[in-house]
Amino acid sequence: MNTQAKSWKRIGMCQDFSEADIGRKVTLTGWVDNRRNLGGLLFVWLRDRSGIIQLVFDETLDADDFARAQDIRNEFVIAVQGTVVARAEKNINPDLCTGKIEVRVDGLKIISQAATPPFAIAADSKVREDLRLKYRYLDLRRADLQKNLILRSKIAHCMRRYMEENGFVEIETPMLTKSTPEGARDYLVPSRLHKGTFYALPQSPQIFKQLLMVAGMDRYYQLARCFRDEDLRADRQPEFTQLDMELSFVDAEDIMQINEGLLKQLMKEIMGIEIRLPLRRISYKEAMERFGSDKPDTRFGLELKDVSSLVAACGFKVFANAVKNGGSVRGINAKAAGLSRKEIDSLTELVKTYGAHGLAWINYRAEGPVSPIAKFLSQQEMQALLEAMHAEPGDQIFLVADEDKTVFPALGALRLELARRLSLIDESVFDLLWVVEFPMFEFSEEQNRYVAMHHPFTCPMDEDVAFLQGDLGKVRAKAYDIVMNGNEVGGGSIRIHDADLQEKIFKALGFSKEEAWEKFGFMMGAFQYGTPPHGGLAYGFDRLVMLLSGCKNIRDVIAFPKAQNAACLMSDAPSPVEDSQLKELGILIAATEEKKDDQLK
RNA sequence: GGCCUGGUAGUUCAGUUGGUUAGAACGCUAGCCUGUCACGCUAGAGGUCGAGAGUUCGAGUCUCUUCCAGGUCGCCA
């Protein structure tokens, strides 16, 4: 071999080379992406994180090397030495960044052979999700996933830079923390030194960041790992990352302003989009009434209309009763939708999953309205209804009648589904807005009491404090969510820094002073020693990256995500542990069905 | 916990009313090939139809149970 004495250290990555390097002697390393063997001539695409460059092996190569080149297979890791040469005009590949050049190989080293991968390593390959997750390290070789992780890193860097420039200090908070009631299920970690007790992994750094304000750190931020033991969704993983921040001596206005600055910088640097400030703000009430959602997608219309008063006295019992019982009848006008009966049936199934009992519809044809509820309505009632819905011939009206807490989500979901089916969403638009004036409390049927909608340290709006002794449902919070394209990407609030007010809130939530001290004592204790007014916000970092990368699933922006059942298909976590480990922790596992079966054998 | 969709070759999928030996493309193996870039040509290997039970003369196809994956409602302060 004529090149043995030379170094095999690469002098650059695959995509670093261009026509400017023609004639240059190079050493390259990477994975074999693809090969085309023409007998006396062999083409290999060499791939690394940067991209692809074509290698040519031909008769000018040492005979030994050429023979070994025949053994090269996809995904082998190789090193080559050679010369960058120009491609003839007719051989230029316009789809490749390096398509005008190639490397004429004069030395080959097979660094690592590869078994045939279980699926093709290609950007567009459709592969079963469980296979992708089991062989995640191969899946991550795909250019599109690598692109996502690189974008994720860029976004994190952009955020950190903005925070540092604005006087924030990055501080790490503990992962082994105290389990607190309220909120999501905790992931628990048993303690060896204190048998029978458990740490909890943080659902968020909430309490610690507030204590940092008590400590006088003034402005804190962290790219914080968080854990919630709840069921997964396409945009929800059990462990995830937040950009978390907390600021002292601020009001909601200050926090929104500083975050608008962050969003502006982010959109400009990452997406090349100039957003106009200040961002739109709408109240929770308005969001629900107009869009049926507290995270409205306002890139399209199809707004909800309240027609309760028009049908309160009509002959259709479902409508009349809904209004009589304090609920409402609301509708959406699907302009010129032209949906078939079958499609309407599938929409009915959709609203039923949100608890609606049915979906009333009206096809407003040129010759008049056609509807299964037409026979229950007088001509005047129908006319008033159509007018209220701004109906024109060709439109389809959909109506849901129930309690508001059912009507809103049902119509909110229907609105999104209609937009998808009618292709009303412009995917190139980024729609950012604040939703403000959230309710402080929501009634939990399960616990038969009011619970904090955000968390119990959220400050109520000044003008609503009086309602704390009365109608808790009326109390609004100094809380705000940032919504992007119908997704909640961040949320926060002004916190309570006044012990008396905090006590009132706990009382409203049904905690005695003793209970509150037992659960949150270290925090309430801290607040006795001089607490600045403070508030903060946290972004769902993974979700934000997902939206900015255009991905539909949060797994595609996380290096090693969990499957839908929260398991890691690659490492097989969670898994049983050795009995000795359990013994050391003082833990006994209650017999499961499986174990009982084993014992019977 | 509920609902919906899917599971057939290594991968992506087709498989009609239950009926002969379950197919295609890509990938893989071998051979040929000096300008390929979705290389081409020839030949070949590769299947517990997710698993179990049932109906039937006969099940990839029908029924039940179950496992796995995805989506979703509940849940996610």
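The figures here come from the full heavy-atom set of this structure, side chains too, leaving out hydrogens, waters and symmetry mates. Treat the numbers as computed from the prediction; the structure is a model and nothing was measured. Sequence lines set the chain letters: A, B, ... in the order given, protein chains first and strands last, and positions in each chain run from 1.
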[X], nearest nucleotide to its side chain (from [options]):
X	options	value
A:T116	B:C28, B:G35, B:U72	B:C28
A:N34	B:G70, B:U72, B:C39	B:C39
A:R36	B:C39, B:C28, B:U12	B:C39
A:N553	B:U34, B:G70, B:U12	B:G70
A:R104	B:G35, B:C76, B:C39	B:G35

Applying a 3.5 Å limit to both distances, which nucleotide forms a Watson-Crick or G-U wobble pair with [N]?
N	value
B:U17	none
B:U29	B:A43
B:C62	B:G54
B:G74	none
B:A9	none

Taking only N and O in the side chain of [X], is any of them less than 4.0 Å away from OP1 or OP2 of [N]?
X	N	result
A:N93	B:U36	no
A:N37	B:G31	no
A:R73	B:U29	yes
A:R128	B:U12	yes

Distance check, [atom1] atoms only: [N] and [M], in whole angstrom units.
N	M	atom1	value
B:A9	B:G15	P	15 Å
B:G18	B:U63	C1'	13 Å
B:U17	B:C4	C1'	27 Å
B:C76	B:C64	C1'	35 Å
B:C3	B:U8	P	24 Å
B:G6	B:A14	C1'	15 Å
B:C75	B:A22	C1'	44 Å
B:G54	B:G70	P	32 Å

Lys/Arg-Asp/Glu bridge criterion (N-O < 4.0 Å) met for [X], [Y]:
X	Y	value
A:R68	A:D64	no
A:K507	A:E515	no
A:E246	A:R495	yes
A:K285	A:E437	no
A:D231	A:R236	no

Rounded to the nearest angstrom, tell me the gap between atom [atom1] in [X] and atom [atom2] in [N].
X	N	atom1	atom2	answer
A:R233	B:C4	CZ	C1'	13 Å
A:Q564	B:G70	CD	P	6 Å
A:L232	B:C73	CG	P	13 Å
A:K352	B:G74	NZ	C1'	19 Å
A:L138	B:G27	CG	P	18 Å
A:F43	B:U36	CZ	C1'	4 Å
A:L414	B:C73	CG	P	14 Å
A:F119	B:C13	CZ	P	14 Å

What is the nucleic acid contact for [X], judged by heavy atoms within less than 4.0 Å: base, sugar-phosphate only, or nothing?
X	result
A:L569	sugar-phosphate
A:V127	sugar-phosphate
A:R236	base
A:Q237	nothing
A:E349	nothing
A:L42	nothing
A:A120	nothing
A:Q54	base
A:A563	sugar-phosphate
A:S204	base

Indicate whether the side chain of [X] and that of [Y] have a donor and an acceptor atom separated by less than 3.5 Å.
X	Y	answer
A:S346	A:E343	no
A:S204	A:Q242	no
A:Y284	A:D481	no

Self-check item: First of A:E442 and A:N565 reached from the 5' end of RNA chain B, by closest nucleotide
Solution: A:N565
Self-check item: 5' priority, RNA chain B, between A:P409 and A:A88 [closest heavy atom]
Solution: A:A88
Check whether the side chain of [X] and the base of [N] form a donor-acceptor pair under 3.5 Å.
X	N	answer
A:E230	B:G74	no
A:R185	B:G74	no
A:R35	B:C37	no
A:D130	B:G70	no

Quiz item: Taking the six-membered ring for Trp, are A:F520 and A:F511 parallel (under 30°), tilted (30 to 60°) or perpendicular (over 60°)?
Solution: tilted
